[in-house]
Amino acid sequence: MVRYGLVIDLDRCIGCQTCVIACKLENNVSLGNFWNRVLTVGGVMIDTSRGEYPNTSIFYLPITCQHCDNAPCVKACPVSGTYKRQEDGTVQLRVERCIGCRYCMAACPYGVRVFNWGEPKHIPEHPVGYQGEVKDEGWIIYTPQRPRGVVEKCTMCIHRITAGEEPFCVAMCPARARFFGDLDDPNSKVSRLIKERGGVRLLEELGTQPKTYYLPPKRGNQAFANLNEIVAENAKSTLTNIIATSKDTTLQAIAAATLRRVLDNV
Amino acid sequence: MSRTSRAFIGWSVFLLILIGAGIYAWAIQLQEGLIVTGMRNIVSWGVYITLFAFFVGISAGGLIVSSSAHVFGIEEFKPVAKVATTLAAACVAVAAISIIPDLGRPERIPYLILYGNPISPLIWDFTVIMVYLILCIVDLWFMLRADLARKGSKFTFGFNDTSPQAVARDGKVVKAISFIALPTAIMLHTVTAWIFGTQIARSWWYTALIAPIFLASAMISGLALVILTILALQWRSSIKLPDKTLNTLAKLLAVIIPIDLFLIGNDFVIRLWAAAPSETLPLTLIFEGPFFPFFIYEWIVGALLPFLLLLHPKLRVKPKVLGLAALLVLTGVLAYRVELVVPAYIYPPIVFPPGISRGEYGAGASSFNLYGIYYPTWVELTIGVALFSIIAFIVTVIVRAFPIWGKEY
């Protein structure tokens with residue numbers, strides 16, 4: 001049995017948003033909805049940093065369905081529309097079963113579920129990306145013809161992974177920051193990266209057991225590490241600021257790990 | 001045509017117009033989709049779920065009053081048992097209805113039975129709502145059967161025996177139902193609270209105190225509704241209840257108000273002391289943010305003021321004062337429900353730019369919001385008013401058609 005997961009190297013992610021667009025194109029995601037997003041951990045706007053020159057810090061946080069092993073959405077769904085697929089551990093959604101109650105959106109801590117509030121709009125109007133339907137035990141779990149009034153989310157490109165390919169976001173990443181593989185195989189690239197680089201998961205304290213791992217960034221803050229002690233102090237305060245103000249304890253942990261590296265290098 | 005009839009027709013037409021407006025709004029929503037509401041991907045529940053929680057709450061009074069009359073032998077409540085049970089049935093039925101406009105795919109409601117997920121609190125709630133509704137209707141029927149038989153009504157479904165033995169048997173059944181109904185009523189509010197309380201993603205809901213808070217707020221709003229309805233019926237008819245009944249209801253209401261505030265206050269203290277952003281951010285919305293007016297209304301106007309009015313033994317016997325106090329409590333609990341649902345969504349657990357996509361496209365405008373923004377639209381508010389009107393209409397018709405409020409109370 002495989003247990004597919006995603007590893008994202010925050011040192012390699014350059015925030016180019018290619019995976020965001022790749023996802024929209026491959027999965028024909030309607031206007032106004034995104035299955036995959038790249039967040040900026042820095043200032044209050046995208047692509048802005050925290051702190052004042054030269055003591056700034058920034059890294060990017062790509063976020064999509066975390067395919068949790070203990071998924072709150074799966075437990076919440078009243079009609080088992082959303083479920084964990086036994087074959088590969090991915091969290092899928094039976095498009096034709098969803099009653100549109102949006103309890104899963106209340107349940108998801110990662111905000112990765114989107115809803116077709118109105119008739120899904122597309123420019124161009126014809127569907128793009130994968131044109132086929134994917135069925136699992138008789139139920140459609142992917143279709144480019146998106147119905148209104150139904151929740152949807154990342155399928156981990158179920159049509160690609162069942163054909164032995166990587167999810168499109170992984171294949172398209174120009175910085176090669178995304179890795180896809182079997183978490184149960186200790187020799188897979190993803191398992192090795194998690195082990196060697198200390199992969200962490202988002203909001204780990206909630207116990208959702210996501211299958212998306214993040215490799216903490218160091219390059220973005222190396223500038224601080226190579227400067228003198230005063231700069232390191234400022235870097236410390238910037239990172240301490242993240243640790244103090246971020247509501248996400250995993251990001252706090254990432255900041256703390258970066259902080260330790262900064263201090264080690266001084 | 002008597003004056004009462006004219007008033008009944010006028011009131012019914014008024015309610016039907018409001019219900020019709022709600023159906024029109026819902027038709028528009030069915031045609032355009034939920035895009036006509038103020039809800040989007042960040043704040044994905046709004047008026048409908050707020051009202052659902054409120055309606056489940058106000059159905060409490062009914063069965064708790066009528067059941068405790070039998071379970072605890074509170075004689076003063078027996079005269080109002082029928083009115084209270086009617087209210088319970090109407091409110092819980094409309095609570096179930098209020099979910100329908102919230103659904104993106106209302107035609108798939110049968111899936112709740114076909115594919116019900118036994119671990120989903122929504123399914124637990126669906127089950128307990130159905131059980132509660134059936135209990136209310138059966139309870140009411142047994143309370144009314146003998147009277148209906150004497151009038152020759154066909155709603156006895158052929159059970160026309162009016163002998164003392166048959167009436168005594170009805171009484172026994174009602175008493176037996178009470179013993180099931182009271183724990184069911186408690187479960188109804190507990191399970192409804194669990195819909196919210198189980199969600200670890202929403203720190204604002206994720207507290208074990210939520211079920212006790214739901215119970216207390218349900219009891220005060222339910223009692224307030226029973227009091228208001230009795231006062232309205234007394235005003236429209238010549239029948240007067242013994243003073244003791246209303247006085248006991250008023251005293252019970254006065255006792256539970258501080259319990260409700262105690263529980264909510266407890267929750268606040270624990271969150272404030274922890275001082276973790278996930279705990280205090282929703283509180284800032286309540287204490288200084290857009291929900292501050294609701295907070296003040298809930299605590300001062302909807303709780304403290306009616307509590308003081310009810311505390312005074314001479315004031316609480318005056319129908320106008322009692323009615324005002326009940327109305328304030330009822331609207332105060334509605335304010336609490338507003339504070340419960342939407343603030344949980346304003347700050348998502350992960351807040352980094354650009355935020356979460358709204359699910360709405362406008363050329364040249366960002367599709368993202370960092371924080372949740374929610375203003376109900378006229379469609380949601382019209383449907384909301386219609387839901388209130390359905391409760392009023394059901395109660396009006398039942399009281400009119402059946403011997404709920406007669407010489408024998």
Side-chain angles (χ1 to χ4, degrees), chain A residues 30-34 37-48 61 63 72 74-81 83 94 96-103 105-119 121 123 147-151 202-203 206-208 245-248 251, chain B residues 32-37 39-42 44-45 49 99 102-109 111-112 114-123 125-126 195-196 198-203 205 276-278 281 344-345 347-362 367-368 370:
Chain A
S30 64
L31 292 170
N33 274 335
F34 287 84
R37 293 170 287 137
V38 174
L39 307 178
T40 303
V41 183
V44 292
M45 306 274 285
I46 60 161
D47 298 333
T48 59
L61 184 76
I63 185 166
V74 171
K75 291 193 282 185
C77 181
V79 294
S80 294
Y83 67 104
R94 298 178 176 110
E96 289 168 307
R97 199 189 278 189
C98 175
I99 61 171
C101 70
R102 306 184 300 290
Y103 194 22
M105 296 178 77
C108 178
Y110 305 100
V112 297
R113 291 178 158 263
V114 298
F115 188 73
N116 288 312
W117 299 95
E119 205 60 56
K121 283 196 200 110
I123 299 173
R148 191 180 74 192
V150 168
V151 172
L202 285 182
L203 302 171
L206 299 186
T208 51
T245 55
S246 170
K247 276 178 287 150
D248 179 354
L251 283 161
Chain B
E32 306 287 323
L34 285 160
I35 193 92
V36 297
T37 70
M39 297 183 278
R40 292 295 179 266
N41 287 341
I42 306 186
S44 49
W45 272 354
I49 298 293
I99 290 294
D102 190 61
L103 297 180
R105 289 272 162 179
E107 78 277 13
R108 294 181 184 169
I109 286 173
Y111 290 2
L112 289 170
L114 288 173
Y115 306 115
N117 173 12
I119 205 173
S120 169
L122 267 189
I123 284 293
D125 207 44
F126 175 75
I195 290 178
F196 304 97
T198 48
Q199 295 317 313
I200 197 165
R202 309 281 165 193
S203 63
W205 297 341
S278 62
L281 274 173
Y345 285 97
Y347 297 107
I350 296 173
V351 182
F352 291 111
I356 294 175
S357 61
R358 274 203 308 278
E360 177 187 27
Y361 174 74
S367 295
F368 292 90
L370 200 50

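Just so we're clear, the structure is a prediction, and the values are computed from it rather than from any experiment. In what follows, every chain begins at residue 1, and chains take the letters A, B, ... in the order their sequences are listed.
Of the residues considered (B:Leu114, B:Ile99, B:Thr37, B:Ile123), B:Ile123 shows the highest number of contacts with chain A, using heavy-atom pairs under 4.5 Å. Interface check for chain A: of the options B:Pro106, B:Ala344, B:Pro121, B:Gly116, the most heavy-atom pairs under 4.5 Å are formed by B:Pro121. For chain B, the option among A:Ile63, A:Leu31, A:Ile99, A:Asn33 with the highest count of heavy-atom pairs below 4.5 Å is A:Ile99. Interface summary for chain B: among A:Cys77, A:Pro72, A:Ser30, A:Gly111, the most heavy-atom pairs under 4.5 angstrom belong to A:Cys77. For chain A, the option among B:Leu370, B:Thr198, B:Ile195 with the highest count of heavy-atom pairs below 4.5 Å is B:Ile195. In terms of heavy-atom pairs under 4.5 angstrom with chain B, the leader among A:Gly207, A:Ala76, A:Cys108 is A:Ala76. Interface summary for chain B: among A:Arg97, A:Arg113, A:Met105, A:Glu119, the most heavy-atom pairs under 4.5 angstrom belong to A:Arg97.
Proximity to chain B (any heavy atom under 4.5 Å) is shown, for A:Cys101, by both the backbone and the side chain. Proximity to chain B is absent for every atom of A:Val112, based on heavy atoms less than 4.5 angstrom apart. Proximity to chain A is limited to the side chain of B:Phe368, based on heavy atoms less than 4.5 angstrom apart. For B:Ser203, no part lies near chain A; criterion is any non-hydrogen pair under 4.5 Å. For a residue to count as touching a neighbouring chain, one of its non-hydrogen atoms must lie under 4.5 Å from one of that chain's; by this rule A:Val151 does not touch chain B. Only the side chain of A:Arg37 comes within contact range of chain B, with heavy atoms under 4.5 Å apart.
At distances below 3.5 Å, at least one donor-acceptor pair connects side-chain atoms of A:Arg102 with backbone N or O atoms of B:Asp102. A donor-acceptor pair under 3.5 Å links the side-chain atoms of A:Asn116 to the main chain of A:Pro147, judged by distance alone. Between the A:Tyr103 side chain and the B:Ser120 main chain, no donor and acceptor come within less than 3.5 Å of each other.
Between B:Arg105 and B:Glu107 there is a salt bridge, with a side-chain nitrogen of the basic residue lying less than 4.0 Å from a carboxylate oxygen of the acidic one.
Taking the centre and axis of the six-membered ring of A:Tyr83, the NZ or CZ atom of A:Arg94 falls inside the cone set by 45° and 6.0 Å.
Here A:Ile46 pairs with A:Thr40, B:Pro353, B:Pro354 under the side chain to side chain contact (heavy atoms under 4.5 Å, CB included) rule; sequence neighbours left out.
A ring-centre distance under 6.0 Å is not found for B:Tyr361 and A:Trp117.
Applying the side-chain contact (heavy atoms from CB on, under 4.5 Å) test between A:Val79 and each of B:Leu112, B:Ile109, B:Asn117, B:Leu122 identifies B:Leu112 as the sole match.
Between A:Thr208 and A:Pro109, the closest heavy-atom pair is CG2-CG, 4.2 Å.
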